[in-house]
S.K.: 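What follows is a single structure, and I will ask about it in a moment.
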Protein chains: 2
Amino acid sequence: METKKIEKKFHSAEDCPITATIDVIGGKWKPPIIWLLLKGPIRFGEFNRIMPNIALKVLSRCLKELEADGIIIRKAYPEIPPRVEYSLSEKGESLREVMFSLSDWSRKNIMNESESAL
Amino acid sequence: METKKIEKKFHSAEDCPITATIDVIGGKWKPPIIWLLLKGPIRFGEFNRIMPNIALKVLSRCLKELEADGIIIRKAYPEIPPRVEYSLSEKGESLREVMFSLSDWSRKNIMNESESAL
DNA sequence: CGGTATCCCAACGGATACTG
DNA sequence: CAGTATCCGTTGGGATACCG
């Protein structure tokens, strides 16, 4: 059988799997949010303390979107004062390699981390 | 010596290396552009043929930005009609792993590619 | 062929005030 | 404490027409 080489077209950007991933983890603040969650659960206020310049509304929306995409899990404790903890889902955990890959490339190619250790 | 654990803060989003990488490769059309270039040099018109719905202006700006970031190389041949070829720089080539990582995660977690092979 | 120029719209991000 | 509501500026992406 002959295999005809079909050139894949990108009729819309969403046909690209990479674009699809970046739609989920991209934007200005989602990367640090996911990065922090890779270390463990975090409360709403903690995000705001660690990222002092993110607007509350933006933080709120990012968390909602990540939750809707199945990346993070929101757990609210019915206490006074209220406590809400965010953590990574399994799907979110599976991003660990991806995030390290992106971070690694950045350190080598954007931050000019010297290769002096070599 | 005791090592005090310093919590890294993200005063601006750009403090996050992952955000920095996504600033370079992100957006709607840059991923497919880089993806295509990983297979070899491409001419301006070819991009437009493979991605029929990208606006000329957008394609043009994406290519300019990628060039400014040192990811791609633009080579113009002084012919009539003119010919311009885009290819990856070394820095651009170094994105291969990153792109595969992003693409792989997408196939497993967004496109629901069955794991039937297991 | 390989682009620019112009105009437009929606989405994202941001500051501040307020609420359960 | 953990958000929402409102308003606003900037950016990214898009359609169309035109140029060297």
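Every chain is numbered from 1 and lettered A, B, ... according to where its sequence line falls, protein lines coming before strand lines.
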S.K.: Between the side chain of S89(B) and the main-chain N/O of G70(B), is any donor-acceptor distance below 3.5 Å?
M.R.: yes
S.K.: Using the heavy-atom set of chain B and a strict 4.0 Å cut-off, write down the first and last nucleotide of DNA chain C that makes it in, 5' to 3'.
M.R.: dC1(C) to dC7(C)
S.K.: Could you state the atom-to-atom distance from CD1 of I42(A) to P of dC1(D) in whole Å?
M.R.: 16 Å
S.K.: To the nearest 10°, let me know how far the axis at one end of the helix from dC1(C)-dG20(D) to dG20(C)-dC1(D) is tilted from the axis at the other, five pairs an end.
M.R.: 50°
S.K.: Enumerate the ring pair (Phe, Tyr, Trp, His ring centres under 6.0 Å) contacts for residues 44-90 of chain A, please, sequence neighbours excluded, ordered by first and then second residue.
M.R.: none
S.K.: Can you establish whether the number of heavy atoms outside E97(B) located under 6.0 Å from its atom CD is more than 12?
M.R.: no
S.K.: How is Y86(A) classified with respect to the nucleic acid when contacts are heavy atoms under 4.0 Å: base, sugar-phosphate, or nothing?
M.R.: sugar-phosphate
S.K.: Could you check whether any side-chain N or O of K30(A) sits under 3.5 Å from a backbone N or O of E65(A), counting only pairs where one atom can act as donor and the other as acceptor?
M.R.: no
S.K.: What pairs with E14(B) under side-chain hydrogen bond (donor to acceptor under 3.5 Å, both in side chains), at least two apart in sequence or on another chain?
M.R.: S12(B)
S.K.: Can you name the residues that form a side-chain hydrogen bond (donor to acceptor under 3.5 Å, both in side chains) with R83(B), not counting sequence neighbours?
M.R.: E79(B)
S.K.: Please step through salt bridge (charged side-chain N to carboxylate O under 4.0 Å, His left out) for the pair E7(B) and R49(A), ending with a clear verdict.
M.R.: CA-CA 11 Å; E7(B) 181 183 69; R49(A) 185 172 55 75; 3.2 Å; yes
S.K.: For every nucleotide of nucleotides 13-20 of chain D, 5' to 3': is a protein heavy atom under 4.0 Å from its base (B), only from its sugar-phosphate (S), or from neither (-)?
M.R.: BBB----B
S.K.: Kindly compute the distance separating CD1 (I54(A)) from CD1 (I33(A)), expressed to the nearest 0.5 Å.
M.R.: 5.0 Å
S.K.: Would you mind classifying the nucleic acid contact of K64(A) as base, sugar-phosphate or nothing, using non-hydrogen atoms under 4.0 angstrom?
M.R.: sugar-phosphate
S.K.: Less than 4.5 Å apart, any side-chain heavy atom of E46(A) and any of M51(A)?
M.R.: no
S.K.: Is the gap between the ring centers of W105(B) and F100(B) under 6.0 Å?
M.R.: no
S.K.: Rounded to the nearest Å, what distance is computed from the CD atom of residue E46(A) to the P atom of nucleotide dC1(D)?
M.R.: 11 Å
